[in-house]
Amino acid sequence: MRNYILFYINGKRHEIYGEMAFRPLSTFLRKDLGLTGTKIVCSEGDCGACTVLNAGLNDIENGKLRYHTINSCIKYLHLCDLKHFITIEGIKDKNLLTPVQSSMIEHHGSQCGFCTPGFICTLSSMSDDCVLDKKLITEKKVKNYTTGNLCRCTGYKPIINAGMNIDLKNYKTLSQRYHDSSMIEDFEKHSQVPVELTGVNKRLFIPTSENDAAKYLSDKSNQCKIEAGGTDLGVVQNKCHGMIIDVLSFDLIKNNNKITKKDNSFEIGPRATWSEIEKALSKDFPEFYKLIHVFASPQIKNAGTLVGNIANASPIGDGIPFLLVGNASLELTSLQGKRMVSVDKFYKAYKQMDMEADEFISKLIIPIPSKNTLTKLYKISLRKDLDISAVTFAGSFVLENNKLSNIKIAYGGVGPTVLRLKEVEQALENSPFELASFEKILPLVEKEISPLSDHRGSKEYRHLIAKNLMLKCFHELSSEVRS
Ligand SMILES: Cc1cc2nc3c(=O)[nH]c(=O)nc-3n(C[C@H](O)[C@H](O)[C@H](O)COP(=O)(O)OP(=O)(O)OC[C@H]3O[C@@H](n4cnc5c(N)ncnc54)[C@H](O)[C@@H]3O)c2cc1C
Ligand code: FES
Ligand code: FES
C-alpha cells in the first residue's frame, strides 16, 4: 500500500502525504510552490485562468506523453496521481519565449494579463496537437481550443490573431521538450500499488482492482464518494468546503478508460473522458459527436467523464437524452457481482438512481444504431459554448416506406429527470413521415413535460422550445432524407 500521491510539475517530482492531498492543484501551485503564474478567478472551471497542461499513463503516444489542458482550480491533488503537469512557468523554453508567447506579444493579445497564462497554456496545447497530428492552425481551431478561456479586457480578435500566427515551424512540442522515460517508468512502477491515505478527518482510497473497490464500497461505515474526473465534484468541494470526506478513485484500475468497438456496440470504461469519447465515437454517432462539440470546454472534456455525467443524474446532463433513446445500458458492480440496467430505467426521481450505495458503474454499453435509424440531438443554452442547457432533446426513429416506427423521444430540463415522452412516442408510431404527424402531437408534448422557471428560462419558454424542437427535428430529418 502507498500512503502518498505522486506527480511531477514542470519535470520536478513531488510526493504528497496526508491532508495536503485534499487541496486544489491551483492552490498548491500558488501557495505551496510559489508558482503564481497560474491564476484563480472563478474556482468553478468556467474562466480558464487556472489552465495547466497534464498527461499520464493513458496519454502515451509513441512512447511519449501527449499533454491536454485542464482547470487546476477544480482538480484536487488526490486526483493528480501519476500525472505530469506543465504550468505557465514550465512553458518557456529555457530562457527563450516560445512561438506561442512571441505571437501573443506581437499581436497585442494581452492587456491586464490576468487571463494570459491560461490562454498561453491552451494555445500551447493546440500547437502541440497541430504539430503531432501534422495539421495546420485555422481560425476555427483557435476558437474551438479557446472556448474555455475568458478575457475581460483585450477583446478576442487580437488573441485569435495571435493563435493563428503561431510559427509552428519553430515550435518544439512539450512532449519532445519534457520527454523523460524515467518519469514514465516511475509512473508505471507506482501504478501497480494501491493508495490509501488519511488526512485530519479525510480518507482516500485508490485501488488497483474492481474487487478492492467493491470491498471498500461495501463497508457501510465509509461515507464514501466515488470521484472520476471531479468536474462536478471539484466545484461542489470548492463551494461547500469539507463536504467530501472519503474519496474512492478508480484511477489505478487498468484499462478503465478503454473504449472498445464490438460488432454492434461500443463499450466504454468509467474513466473514459469526454475528449476520448468524442474522438472514438465521431464516425458511428455523428449526432452525439456534434453534441459533444458544444459540451463544456476542452479543459472540462479532458478531465470529465460521460459516466460521471450519468451518475450525477442532473435533469440537464447533456449526455443522458441520447443514451435514453439509444438503448444504452450500464454494468453495475458490487461485491455481490455484476448486473445490467438500461439507462432508460436508471432514473427513478430527481437525483435518484437504480444504483445501491455499494454499487458503482463499471461499464457503459452503447449499441450502434441500424442504418435506417434516424437520430437528432439538440442542446438549447443561452450561449453556444461552455453553457449549461436550458432544454435538451433526443429523438430516434426508424423510417421505412415513409412510415415512422421504433420511436423514442427524450427531453432534458423539463422535469425532475430526463424524461421519455411515452404518449408522444405512441401517437407518432406508424405515422407517415410528414409535417402534419409532428404538428398533431405538439399538444401531447405540452402535456407530458413539467418544466419550472429559473434563470435559464421560464416554464413558458421551455414549453415553447420543446414544441419547436420537435418541429425542427422533422424539418432537419426531412431535408436529410431527401438529399
Ligand atoms: C465549467 C463546467 C462546464 C460544464 N459543462 C457541462 C455541459 O455543458 N453539459 C453537462 O451535461 N455537464 C457539464 N458540466 C458538468 C460536468 O462536467 C459533467 O457532468 C461531467 O460529465 C462529470 O464527469 P466527472 O468525471 O467530472 O464526474 P465527477 O465530478 O467525478 O462525479 C460526478 C458524479 O458521478 C459519480 N460517479 C463518477 N463515476 C462513477 C462511477 N463509476 N460509478 C458511480 N458513480 C460515479 C460521482 O460520485 C459524482 O456523484 C460542466 C461542469 C463544469 C465545471
Ligand atoms: S479559476 Fe476559473 S476556471 Fe479555474
Ligand atoms: S488581458 Fe485582461 S482579462 Fe484578458
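Starting from 1, each residue takes its place in the sequence as its number. These numbers come from a predicted model, not from an experiment. All ligand and atom numbering here is 1-based and tracks the order in the structure.
Considering backbone and side-chain N/O atoms, A296 comes within less than 3.5 Å of an N/O atom of ligand 1. Between V307 and ligand 1, not a single N/O pair is under 3.5 Å apart. Note: no N/O pair closer than 3.5 Å links E227 and ligand 1 by distance alone. Of the N or O atoms in G234, none lie within a sub-3.5 Å distance of an N or O in ligand 1. Of the polar atoms of G319, none of the N or O atoms is found under 3.5 Å from an N or O of ligand 1, judged by distance alone. Between L386 and ligand 1, no N or O atom pair is found at a separation short of 3.5 Å. Distances between N or O atoms of M355 and those of ligand 1 include no value under 3.5 Å. Residue contacts with ligand 1: T305 is placed with a nitrogen or oxygen under 3.5 Å of a nitrogen or oxygen of the ligand (distance criterion only).
Residue contacts with ligand 1, taken as heavy atom pairs separated by less than 4.0 Å, involve V235 solely via side-chain atoms from C-beta onward. Of the heavy atoms in E359, none comes closer than 4.0 Å to ligand 1. Heavy atoms of D46 found under 4.0 angstrom from ligand 2 belong exclusively to the backbone. When heavy-atom distances to ligand 1 are checked against a 4.0 Å cut-off, K379 comes that close only through its side chain, counted from C-beta outward.
Considering only non-hydrogen protein atoms, atom 1 (S) of ligand 2 sits nearest to V41 N, 3.2 Å. Annotation: atom 42 (N) of ligand 1 to nearest protein heavy atom, I361 N, 2.9 Å. Counting only heavy atoms of the protein, atom 11 (O) of ligand 1 lies nearest to D318 N, 2.8 Å. The protein heavy-atom contact nearest to atom 52 (C) of ligand 1 is I300 CD1, 3.7 Å. With hydrogens left out, the protein atom closest to atom 16 (C) of ligand 1 is T231 OG1, 3.3 Å, a heavy atom. Protein heavy atom in closest approach to atom 48 (C) of ligand 1: L233 CD1, 3.8 Å. When hydrogens are left out, the protein atom nearest atom 39 (C) of ligand 1 is I226 CG2, 3.7 Å; that is the closest non-hydrogen contact. Among all non-hydrogen protein atoms, the one lying nearest atom 13 (C) of ligand 1 is F295 CZ, 3.7 Å. For atom 53 (C) of ligand 1, the nearest protein heavy atom (residue, atom name, distance) is E44 O, 3.3 Å.
For OH of Y289, the number of neighbouring non-hydrogen atoms (other residues, nucleotides, ligands) closer than 6.0 Å is 12 at most. The environment of NZ in K459 is sparse: at most 12 heavy-atom neighbours from other residues, nucleotides or ligands sit within 6.0 Å.
Side chain to side chain, S389 and D318 meet the donor-acceptor criterion of an N or O pair below 3.5 Å. N327 and S342 form no side-chain donor-acceptor contact under 3.5 Å, judged by distance and modelled atom types alone. A donor-acceptor pair shorter than 3.5 Å cannot be found between the side chains of S103 and E106. Neither side chain, S453 nor S458, offers a donor N or O lying under 3.5 Å from an acceptor on the other. A donor atom on one side chain and an acceptor atom on the other are found under 3.5 Å apart for N149 and T122. A donor-acceptor contact closer than 3.5 angstrom links the side chains of N257 and E276. For N201 and E19, the side-chain atoms include no donor-acceptor pair closer than 3.5 Å.
Residue G304 approaches ligand 1 through these ligand atoms, each under 4.0 Å from one of its heavy atoms: 23 (O), 24 (P), 25 (O), 26 (O). For ligand 1, the atoms closer than 4.0 angstrom to any heavy atom of P270 are 41 (N). Applying the 4.0 Å criterion to heavy atoms of N71 picks out, from ligand 2, the atoms 3 (S). Set against the non-hydrogen atoms of G45, the atoms of ligand 1 under 4.0 Å away are 1 (C). The atoms of ligand 2 that sit less than 4.0 Å from any heavy atom of S43 are 1 (S), 2 (Fe). Those atoms of ligand 2 with a heavy atom of G45 less than 4.0 angstrom away are 3 (S). Taking every heavy atom of A228 and a limit of under 4.0 angstrom, the matching atoms of ligand 1 come to 25 (O), 30 (O), 37 (C), 38 (N). Near G317, meaning under 4.0 Å from any of its heavy atoms, are these atoms of ligand 1: 11 (O). Heavy-atom proximity to K225, at under 4.0 Å, picks out these atoms of ligand 1: 47 (O), 49 (O).
Atoms of the protein (N, O or S only) found under 2.8 Å from atom 2 (Fe) of ligand 3 are C112 SG, C153 SG.
Counting heavy atoms only, G230 comes closest to atom 28 (P) of ligand 1 of the residues G230, S381, G308. In this structure, of C73, G234, C47, S26, the residue bringing a heavy atom nearest to atom 2 (Fe) of ligand 2 is C47. For atom 18 (C) of ligand 1, the choice among L217, D385, D232, L306 with the nearest heavy atom turns out to be D232. Evaluated by nearest non-hydrogen atom to atom 36 (N) of ligand 1, the leading choice among S297, A311, C42 is A311.
Side-chain contact check for L419 versus V414: some heavy-atom pair is nearer than 4.5 Å.
Ring-centre distance between F7 and F28: below the 6.0 Å cut-off. A ring-centre distance under 6.0 Å is not found for Y178 and Y8. Two rings, from H84 and Y67, have their centers less than 6.0 Å apart. Aromatic rings of Y4 and H190 (six-membered ring for Trp) have centroids within the 6.0 Å cut-off, being under it.
Annotation: cation-pi geometry not satisfied between K261 and F266 (NZ/CZ under 6.0 angstrom from ring centroid, within 45° of ring axis).
Ring planes of F285 and F322: perpendicular class, angle over 60° (limits at 30 and 60°).
Remark: the backbone N or O of A55 is not paired with any side-chain donor or acceptor of R66 at under 3.5 angstrom.
The shell of residues lying under 4.0 angstrom from ligand 1, judged by heavy atoms, excludes V236.
At a cut-off of 2.8 Å, C42 coordinates atom 2 (Fe) of ligand 2 through an N, O or S atom.
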